[in-house]
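Treat the numbers as computed from the prediction; the structure is a model and nothing was measured.
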Amino acid sequence: MRGAAAFPRKLPLKKTFTSARRLAFLVLLAGLADSVRAIDLPATPKVSEDSLQSLLSQAPENPLNWFNLGALAAQNKQFDLAESYFAETLDLSEPTSPLIVAVGGVWLAVGETVRALPYLMPNLRLLTPQDLNQLQMGLGDKGYAGPRLVVLRHWAKRNPEFSPVAEEAGRVACGQGDWAVCRDILEKFAGTVDSSSAVSLLRAGTFLNQKLPRRDVDGLMRRHKGKEILFWGHMQHALSGNWSVVKRYRNGGTVSDSARFHYLRALMAMAGDNHDLCASHFERSLEQAPDSLAVLVAADFYRFYAVTGNSFKLEQLWEDIKARFQESKLAVLLAQQLELRGYEKQARYYYRVAHRLNSRLPLALEALWNDFLQRDEVNILQAHIDTLLAHDSLSCIGNTLAMRLRADLEDYDNMIRFGRNASLLCHEAVEPFYHLGQAYLKLKQPDQARRSFARYVSRGGEREKVPVYMR
């Protein structure tokens, strides 16, 4: 299956259609139409390839004839042939032709979800809820969480009162460890989310080291029961300094996990300047805490010794943390937690650890970007980005980094390719349109440049950065 890094060369920027329902007349193939649920096209009498070729010979300038041949080839699993027909379709079509979305519908109908993305992702606003559901399900089945989240976030924004879509988007974001997106989505529905989403929202706030509104925290804990809700809710109270609430929880015997109990005791002792007690509880919690909880404990324990100025204990703890997380898949999470607490040098150390363990981690590559450039290791950086995209061609961060690197290298043809991908795969992308505008200017394509700059400004980009004659 072709990946996003090999999206078709022609990705027209959409303006407007009178109605997505105009697509209804486009498919002539009964078998294909029966399976097209993403783009709602009715079945019509079956037509042979010879008949379609005859229609094409009579009117080769009609893009619909090329489209129908492409649809038939796609139905017959002749994907390369279908792509050649669809390329002709697009070359003969206006930039706002409904055939562009119809091509995406064909690819989606035959199970080629990735091939559908260049046609459907720029046109999400034209798709019905059923279309969006079909697309996000197809992406989910293929394991493409990033583009699926883009589709779900668009759908949730279009239906701001429909919480099930937002909850699913929040779950996907939390599953990716994108805590900021998780919180932004779920916080709007704090009064209606289910128990699983409630835990996700509380965890997201805690892992962002941010306080959720107390009314939301109390409401979630009142409506939902269970030890996860209780613990993460009281972690939020700890962040907000509501120690009387945390103390009642601690004394009530409801903290069943020893690592969690000692963690909360350590935070309370730190707030009360009881240094010996704080250190003791942090040590016991870190010894017992599993996985992501151990990351939170380690980051707060490090902050405790850094704030109290005990440099000897701080160095000792740092060595202990390195021993525990040196080969851990949680290295990126630890880097993020140290970064949130203001320890940039220590965070970069763990981004390097994460990169050493897995050179295709997008967050680690993004964090170490300046390090590679300062060491003049452009070729090494490019090799790592290529490895990332070979593993996950639909990575928003991967395509964005590839776009930036090609822009720095003045490789404008490839920059355009990755910039288009980033504009599709990153939610409400802004930056790619600026780089696309600059690249088109360098390639002396002013119309495309003007369209790209217009998209950049319309999405919140800085108008002053756009050349005056392009505004």
Side-chain angles (χ1 to χ4, degrees), residues 153 156-157 159-175 177-274 278 281-282 285 289-297 299-300 303-304 333 336-337 340-341:
R153 290 180 74 181
K157 185 176 180 180
N159 300 277
E161 304 303 320
F162 188 54
S163 62
V165 176
E167 287 189 49
E168 184 62 20
R171 279 190 285 267
V172 173
C174 287
D178 197 337
W179 303 111
V181 172
C182 179
R183 174 187 169 161
D184 287 348
I185 293 172
L186 294 180
E187 192 173 15
K188 300 181 182 70
F189 299 95
T192 59
V193 293
D194 62 18
S195 180
S196 172
S197 295
V199 172
S200 293
L201 176 56
L202 293 169
R203 279 171 56 90
T206 304
F207 276 98
L208 289 169
N209 204 32
Q210 294 176 354
K211 308 168 190 175
L212 298 175
R214 179 163 182 174
R215 65 180 182 279
D216 290 345
V217 175
D218 290 343
L220 291 169
M221 294 172 65
R222 187 169 54 251
R223 288 192 305 276
H224 304 287
K225 306 301 178 184
K227 63 179 184 179
E228 292 300 305
I229 287 285
L230 279 174
F231 174 70
W232 293 107
H234 282 91
M235 281 297 297
Q236 276 293 307
H237 280 301
L239 274 175
S240 299
N242 301 322
W243 299 113
S244 60
V245 177
V246 177
K247 186 175 181 179
R248 285 197 301 273
Y249 169 61
R250 182 203 69 188
N251 293 340
T254 52
V255 191
S256 58
D257 184 281
S258 179
R260 293 180 171 186
F261 172 82
H262 289 298
Y263 185 26
L264 286 171
R265 287 293 302 270
L267 294 175
M268 291 181 66
M270 184 162 61
D273 289 330
N274 192 334
C278 178
H281 282 297
F282 267 134
S285 180
D291 301 332
S292 57
L293 181 62
V295 169
L296 288 176
V297 176
D300 279 330
R303 176 171 59 180
F304 165 69
L333 183 58
Q336 291 172 323
Q337 293 304 308
L340 282 171
R341 289 158 177 79

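- Taking every heavy atom of both residues into account, A238 and V246 meet most closely at N-CG2, 3.8 Å.
- No salt bridge links D184 with R153; every basic N to acidic carboxylate O contact stays at or beyond 4.0 Å.
- Using a 4.0 Å cut-off between charged side-chain N and carboxylate O, R303 and D300 make a salt bridge.
- Atom CG of residue L264 and atom OG of residue S285 lie 8.5 Å apart, to the nearest 0.5 angstrom.
- Here the closest non-hydrogen pair linking P160 and F189 is O-CZ, 3.1 Å.
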Check: Between L220 and V193, is a side chain to side chain contact (heavy atoms under 4.5 Å, CB included) present by the stated rule, with each step listed?
Finding: CA-CA 9 Å; L220 291 169; V193 293; 3.8 Å; yes
Run the side-chain donor-acceptor check on residues 199-210: report pairs under 3.5 Å with partners two or more places apart or on a different chain.
{"from": "S200", "atom 1": "OG", "to": "S196", "atom 2": "O", "distance (Å)": "3.2"}
{"from": "T206", "atom 1": "OG1", "to": "L202", "atom 2": "O", "distance (Å)": "2.9"}
{"from": "T206", "atom 1": "OG1", "to": "Q236", "atom 2": "NE2", "distance (Å)": "3.4"}
{"from": "Q210", "atom 1": "OE1", "to": "R183", "atom 2": "NH1", "distance (Å)": "2.7"}

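- The side-chain heavy atoms of L333 and Q337, taken from C-beta on, include a pair separated by under 4.5 Å.
- Closest heavy-atom contact between L186 and S197: CD1-O, 3.6 Å.
- Closest of all the heavy-atom pairs between C182 and G170 is SG-O, 3.6 Å.
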Next item on the list: Decide side chain to side chain contact (heavy atoms under 4.5 Å, CB included) for L340 and W179; before the verdict, give the C-alpha distance in whole Å, the side-chain angles of both, and the deciding distance to 0.1 Å.
Entry: CA-CA 12 Å; L340 282 171; W179 303 111; over 6 Å; no
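- In this structure, V165 and A156 approach most closely via the heavy-atom pair CG1-N, 3.7 Å.
- Counting heavy atoms from C-beta on, the side chains of V245 and M221 never come closer than 4.5 Å.
- The backbone N or O of V217 lies less than 3.5 Å from no partner atom in the side chain of H237, so there is not a single donor-acceptor pair.
- Note: H234 and Y249 have parallel aromatic rings, judged against thresholds of 30 and 60 degrees for the angle between ring planes.
- Considering only heavy atoms from C-beta on, N274 stays 4.5 Å or farther from H281 through its side chain.
- The NZ atom of K247 lies 9.5 Å from the CZ atom of R265; values are rounded to the nearest 0.5 Å.
- The structure places CG of L296 at 10.5 Å from CZ of R260, a figure rounded to the nearest 0.5 Å.
- Between S195 and K225 the shortest heavy-atom distance is OG-O, 4.4 Å.
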